[in-house]
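Below: the structure, in structure tokens.
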Number of protein chains: 2
Amino acid sequence: MKVEIIAVGTEILLGNIVNTNAAFLAEECASIGLSCYYQSVVGDNEQRLSETLKNAMGRAEVILLSGGLGPTKDDLTKETVAKVCDRKLVMDDHTRERIEAYFDKKGKKKPTDNNWKQAMVPEDAMVLDNENGTAPGIILETGENTIVLLPGPPGELKPMFLAQVKPYLQQKSDTVIVSQTVKICGIGESQAETMIADLIEDQTNPTLAPYAKTGEVHLRVTASAEDEKKAQKLIKPMVKQLKERFGQNVYSTDADTTLEKAVVDLLVANDLTISTAESCTGGLLAGRLINVPGVSEVFKRGVITYSNKAKRKMIGVKKVTLDRFGAVSEQVAGEMAKGTAALTKADVTVAITGLAGPDGGTQEKPVGLVYIGCYVKGNLTVKEYHLSGDRSKIRENTVAQALVLLRECVLEYISEVTFGKKK
Amino acid sequence: MKVEIIAVGTEILLGNIVNTNAAFLAEECASIGLSCYYQSVVGDNEQRLSETLKNAMGRAEVILLSGGLGPTKDDLTKETVAKVCDRKLVMDDHTRERIEAYFDKKGKKKPTDNNWKQAMVPEDAMVLDNENGTAPGIILETGENTIVLLPGPPGELKPMFLAQVKPYLQQKSDTVIVSQTVKICGIGESQAETMIADLIEDQTNPTLAPYAKTGEVHLRVTASAEDEKKAQKLIKPMVKQLKERFGQNVYSTDADTTLEKAVVDLLVANDLTISTAESCTGGLLAGRLINVPGVSEVFKRGVITYSNKAKRKMIGVKKVTLDRFGAVSEQVAGEMAKGTAALTKADVTVAITGLAGPDGGTQEKPVGLVYIGCYVKGNLTVKEYHLSGDRSKIRENTVAQALVLLRECVLEYISEVTFGKKK
């Protein structure tokens, strides 16, 4: 079954907002086996939207439209779809009540006449409740096409699609598509691809596709079958094989688990507290860890020691070390990690020092040179990295590498404790 | 003059990457007065790309294509464009040399036969050097259309467009479009819109358009004229008027100045050092400040005190204050700011404590409640905020509000010192 995605909105055409809805919808459609060959963006203009819609209806069975469902005159997606499909717009009482209740709950002023425009829906259409706004979603079956209208704000579109549209589309399809992602870290994209080249080539059901993320690679296994149980059964051996091949580098097979969540879960499960010391990343590593709900159980303290003086005064890096090796050095990263452990009494500390640029690089120490130190109950590991990109990219990549190193060192500690090499 | 943007790439159709190139190109085209009515995405497929291209060529004078210029067989944008425009592909010696030099510089292995494919260009086309990769850009004039091919990676596309394509398109246009953005903070979007409603309505040249960003509003003034000087002359009085209306809330009229850069510049110019203390934002405020090159002159230290214990031990928040008012309170924010000043001897400190959720909210203290304290040489200001969104959104918004408050408090201090109210 083919799908086409049309985003409606002048603000996208003007480049004021990035069309993240299209990426979300495309990824979700791919995950249930719909093929998407075209995406388009048009403004809030009846003639152009109508032309784009007709074109799409001739090419794909399912059309997903986002945006243009607001209360103002400019918003005309619903009206245009109704005209193209030759349907009248009728008042939907249920939606009218929902909008009334929505305004009551928010304690906002009474709905205006404009808002009732949002309760008008094409005849014989399915109405989708919007839990996060006033515009309802709509599914219209024309016989040849399934046309889905979704509100533009991602906070309204995403939950509506996941809860109401995705299951509907899944049901229409005679096959069920199930996918699972094996998330790995600590291995580069090209190495990962080489390690699974045979699996990618040989397999058609399930299929295997690698996706590179900053510091991570996601391997998506997708199978289609008559029912979910059969699809799951097809996926299972491939996931097992990937786990065997990548071993400890697999940090999760759960869609919702981020790398930072995996790291925090590992610390919590092993009752290990953590502190961070950051120079060039200036708090971004701690920021990512603290985005995990429940991190408070293990996160002790973070320090941002951007200057040499801060490195000395806060976490006891020695002046002689700074003078002799420079702030961006293996030795300073090590002293930062140890000093942070001494200061905060955390079981695990991570320290980052590096050159994020754009200035300050030399031939010997170029921009992108980063040292990350990790200290786990008396064991220090310091690694050197050469990262590329602009200042933001280098910092983002550094944070990802720090999470990877942190995970590696903690796992090593656990395995040593478990297998009795060390106490 | 009309422009249409076509992104080529299966990875966009699958939703694996967000089409940020389209937003960038759309915004740049709008800034030079090109009208964009359609954007599309197609995969690396000759028949579909060819269909989309022909369609676009009938609707717009300028076609911008991004992606599909790589060295592999899958990449066929150039080949398809050449076929549609009936041009032969010929070897471009200059590009061949450039690719050779690129490989030499990177110290990479010799270019493969695939790479020479990248040196093939349509006959009589303009070749655009790529400073950041091997694929050249191409401008093809067909008489009716100007077709521009750009490499897909944003790090290659953006600099190439700005340096080589934008001036070319500007020159083709018989009018010059100049725009300037007045960036304001500390005023909400709707209030800002109300304050300029008359200017938006009355003006056609220059035009005025507001764009909401997190914690900021950007007011873009755009004028068209025969030459740049005349356009600048049209813009000037409007910019002046906006500066008068928004006064101190204007933090910059420079395209490259971010809010954090404006804040850092203000601190540097007034020789004020800064330290930060963060709870729920966990380092993101420091992270944003430290993204400004040159911040090292003023940034002293940052602490991340997520737990109550860290707040007490690191920056001396009193146990009785935490017990009596709770960690998320005006009092704790104030003690955090003062304690950080005492610890780090910074002239200015900012402290953040808040509930980012998803758990931990109560009726009295709901998720989204945030206190930000700012301490400037003995003067403490603490403000209460009620922010909405998920955990990430609340944290992002908190950081923006902290930058706004920080700027306000520093400006107030400077004005007091300057006008002699305080010493």
Side-chain angles (χ1 to χ4, degrees), chain A residues 12-20 22-30 36-43 45 48 52 155 211 276 278 280-291 293 295-296 299-307 309-310 313-314 344 357-359 389-392 395, chain B residues 12-20 22-30 36-43 45 48 52 55 155 211 276 278 280-291 293 295-296 299-307 309-310 313-314 344 357-359 389 391-392 395:
Chain A
I12 306 176
L13 284 184
L14 287 170
N16 298 322
I17 57 172
V18 176
N19 189 6
T20 53
F24 169 79
L25 294 172
E27 194 163 23
E28 287 298 331
C29 286
C36 178
Y37 294 132
Y38 299 93
Q39 294 173 2
S40 7
V41 181
V42 274
N45 172 288
R48 288 190 284 269
T52 305
Y211 300 103
T276 57
E278 301 179 62
C280 64
T281 51
L284 297 181
L285 170 63
R288 231 177 119 175
L289 288 170
I290 289 179
N291 207 30
V295 69
S296 54
F299 192 88
K300 290 198 89 160
R301 306 187 202 171
V303 296
I304 297 150
T305 55
Y306 194 55
S307 66
K309 202 170 165 189
K313 297 267 167 167
M314 291 191 92
T344 70
D359 308 315
D390 64 9
R391 187 172 172 92
S392 296
R395 297 169 85 224
Chain B
I12 306 177
L13 285 183
L14 286 171
N16 299 323
I17 57 172
V18 176
N19 189 5
T20 54
F24 168 79
L25 294 172
E27 194 163 24
E28 287 298 331
C29 286
C36 177
Y37 295 132
Y38 299 93
Q39 294 172 4
S40 5
V41 180
V42 274
N45 172 288
R48 289 190 283 269
T52 305
N55 215 347
Y211 301 102
T276 56
E278 301 179 63
C280 66
T281 50
L284 297 182
L285 170 63
R288 231 177 118 175
L289 288 170
I290 291 179
N291 207 29
V295 69
S296 54
F299 192 89
K300 290 198 88 160
R301 306 187 203 171
V303 296
I304 296 150
T305 54
Y306 194 55
S307 66
K309 201 170 166 190
K313 297 268 168 166
M314 290 191 93
T344 70
D359 308 314
R391 187 173 173 93
S392 295
R395 298 169 85 222

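In what follows, chains carry the letters A, B, and so on, assigned in the order in which the sequence lines appear, proteins first and then strands, with residues in each chain numbered from 1.
Atom OG1 of B:Thr344 sits about 12.0 Å away from atom NZ of A:Lys313, to the nearest 0.5 Å. Remark: B:Arg301 CZ to A:Lys309 NZ distance equals 7.5 Å, nearest 0.5 Å.
Each of B:Gly155, B:Gly302, B:Pro358, B:Gly283 has some count of heavy-atom pairs under 4.5 Å with chain A, and the biggest count is that of B:Gly302. Each of A:Ser307, A:Ser40, A:Pro293, A:Ala310 has some count of heavy-atom pairs under 4.5 Å with chain B, and the biggest count is that of A:Pro293. Among B:Asn291, B:Val18, B:Leu285, the residue with the largest count of heavy-atom pairs under 4.5 Å with chain A is B:Asn291. Among A:Gly389, A:Gly15, A:Ala286, the residue with the largest count of heavy-atom pairs under 4.5 Å with chain B is A:Gly15. In terms of heavy-atom pairs under 4.5 angstrom with chain A, the leader among B:Cys280, B:Ser296, B:Gly357 is B:Ser296. Here A:Ile12 is the residue among A:Thr20, A:Ile12, A:Thr281 with the most heavy-atom pairs under 4.5 Å with chain B.
Proximity to chain B is absent for every atom of A:Cys29, based on heavy atoms less than 4.5 angstrom apart. For A:Ala22, no part lies under 4.5 angstrom from a heavy atom of chain B. With a threshold of 4.5 angstrom between heavy atoms, B:Ile17 approaches chain A through N, CA, C or O but not through any side-chain atom. With a 4.5 angstrom heavy-atom cutoff, B:Ala30 touches chain A only via side-chain atoms. Heavy atoms closer than 4.5 Å to chain B are found nowhere in A:Thr305, neither backbone nor side chain. With a 4.5 Å cut-off on non-hydrogen atoms, A:Thr52 touches chain B through its side chain but not through its backbone. For a residue to count as touching a neighbouring chain, one of its non-hydrogen atoms must lie under 4.5 Å from one of that chain's; by this rule B:Asn55 touches chain A with the side chain only.
Contact between B:Glu278 and B:Leu284 at its shortest, heavy atoms only, is OE1-N, 3.1 Å. Heavy-atom minimum distance, A:Leu289 versus A:Thr276: CD1-CG2, 4.0 Å.
Here the side chains of B:Ile290 and A:Arg391 are in contact, with some heavy-atom distance below 4.5 Å. You'll find the side chain of B:Val303 stays beyond 4.5 Å of the side chain of A:Ile304, heavy atoms only.
Not a single side-chain hydrogen bond (donor to acceptor under 3.5 Å, both in side chains) links B:Tyr37 to another residue, sequence neighbours left out. By the salt bridge (Lys or Arg N to Asp or Glu O under 4.0 Å) test, B:Arg395 pairs with no residue at all, sequence neighbours left out.
A:Gln39 places no side-chain N or O within donor-acceptor distance of the main-chain N or O of A:Ala26, the cut-off being under 3.5 Å.
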